[in-house]
Peer 1: 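Pasting a structure below so you can have a look.
These figures come from a predicted structure and were not determined experimentally. Below, chains carry the letters A, B, ... as their sequence lines are ordered, and counting in each starts from 1.
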Protein chains: 2
Amino acid sequence: MDVGAVMGKLRGGGFKATPQRWEVVRAIAAEQHQSMEEIRARCPGVGMVTVYRTLELLSGLGLIRRLDLGGGPRWELAEDHHHHLVCESCGDVTEFDLCPLDPGLLDLSDHGFEARSHSVEVYGRCSVCQ
Amino acid sequence: MDVGAVMGKLRGGGFKATPQRWEVVRAIAAEQHQSMEEIRARCPGVGMVTVYRTLELLSGLGLIRRLDLGGGPRWELAEDHHHHLVCESCGDVTEFDLCPLDPGLLDLSDHGFEARSHSVEVYGRCSVCQ
DNA sequence: GAGCAAATGAAAACATTTTTCAATTACGAG
DNA sequence: CTCGTAATTGAAAAATGTTTTCATTTGCTC
């Protein structure tokens, strides 16, 4: 989902498309799993309070997602699924594309749960830290 | 891994097995993905600072893991893998046992990454909220 | 038991996030 | 296009959550 689509969904939800929100969404879209600090650095013109409020608004609408992989919260556009490699030594987070989930094994009918998306985190040691 | 084993690893790492640490570890082992508040309620005799320090120590040793599934950090014993259903409506977190990961699909050789454990979070709506 | 480094806890410091509230602004109605 | 209005913004203050400091206490080794 691109920046325009996110803003469209915002307006569709009855929220205003302010310049500040454009900036914040553009900042988030620029790179996955950024910290608050990184996002703020990409929005020099937007007040801190507004960044906080926009992140909360967007995640409430399911458009972005908050992660905690160690070292404070991080944010990313909510895709259907995403897969992270988290190094337990240096804290580095990278992504891998191939989804290792076997749909046949994901049977949630017992729980009556309606799945919308998922995430997989693999913990271990990155090539540098080994 | 049970409480005794965790304390044993602590001592193996050169750390003291204090009564406070026993209490905190017992509290964490009592239930998965508890909040700070819940853990503290199970350790009435342990000061807040010590709880914080013990959580940091244990997670640094890889014995417990910090999660953020929305609504603040949660903690649990670090098993090899664990699988959560997170309701995006009410925030409820439950577990499911069957691992939906296909080992054949989890090929990290390209990344040179050495996997130690993993977690899978499935986001959606629980049976109550549907 | 004695010695000592490690651990504890209360208070203070620090960091992060949220609330308050007056001023500003997007956007639909006319 | 202009107006009116409710939503939004931002600075400061408040609230919340976490970490540091430091004097005291306590496991653990010899």
Peer 1: To the nearest Å, how far apart are B:M36 CE and D:dT16 C1'?
Peer 2: 13 Å

Peer 1: Applying the side chain to side chain contact (heavy atoms under 4.5 Å, CB included) test to B:V24, which of B:L57, B:I64, B:V51 qualifies?
Peer 2: B:V51

Peer 1: Between B:F15 and B:R21, is there a cation-pi geometry (under 6.0 Å to ring centre, at most 45° from the normal)?
Peer 2: no

Peer 1: One thing to verify: whether A:E31 and A:R42 come together as a salt bridge, which I'm taking to mean a side-chain N less than 4.0 angstrom from a carboxylate O.
Peer 2: yes

Peer 1: Between atom CD in A:E23 and atom P in C:dA26, what is the gap in whole Å?
Peer 2: 13 Å

Peer 1: In whole angstrom, what separates B:W22's CH2 from D:dC28's P?
Peer 2: 10 Å

Peer 1: Can you tell me how far C1' of D:dT18 sits from CD1 of B:I39, to the nearest Å?
Peer 2: 14 Å

Peer 1: For this output row, return yes or no: ring centroids of B:H83 and B:H118 closer than 6.0 angstrom.
Peer 2: yes

Peer 1: Does the B:E88 side chain pair with the main chain of B:C126, one donor and one acceptor, at a distance under 3.5 Å?
Peer 2: no

Peer 1: For A:L57 and B:Y52, take the nucleotide of DNA chain D holding the closest heavy atom to each; which residue's nucleotide lies nearer the 5' end?
Peer 2: A:L57

Peer 1: Measure CE/A:M7 against C1'/C:dC27 and give the value in whole Å, please.
Peer 2: 14 Å

Peer 1: Calculate the interatomic distance between A:M48 atom CE and D:dA15 atom P; express it in whole Å.
Peer 2: 16 Å

Peer 1: Side chain of B:E121, backbone of B:L85: donor and acceptor closer than 3.5 Å?
Peer 2: no

Peer 1: Write down the distance between CZ (A:F15) and P (D:dA6), rounded to a whole number of angstrom.
Peer 2: 17 Å

Peer 1: Could you state the CH2-P distance from A:W75 to C:dT16, rounded to the nearest angstrom?
Peer 2: 15 Å

Peer 1: Where do N or O atoms of nucleotides 20-27 of chain D meet protein N or O atoms at under 3.5 Å, pair by pair?
Peer 2:
from	atom 1	to	atom 2	distance (Å)
D:dG27	N3	B:K16	NZ	3.4

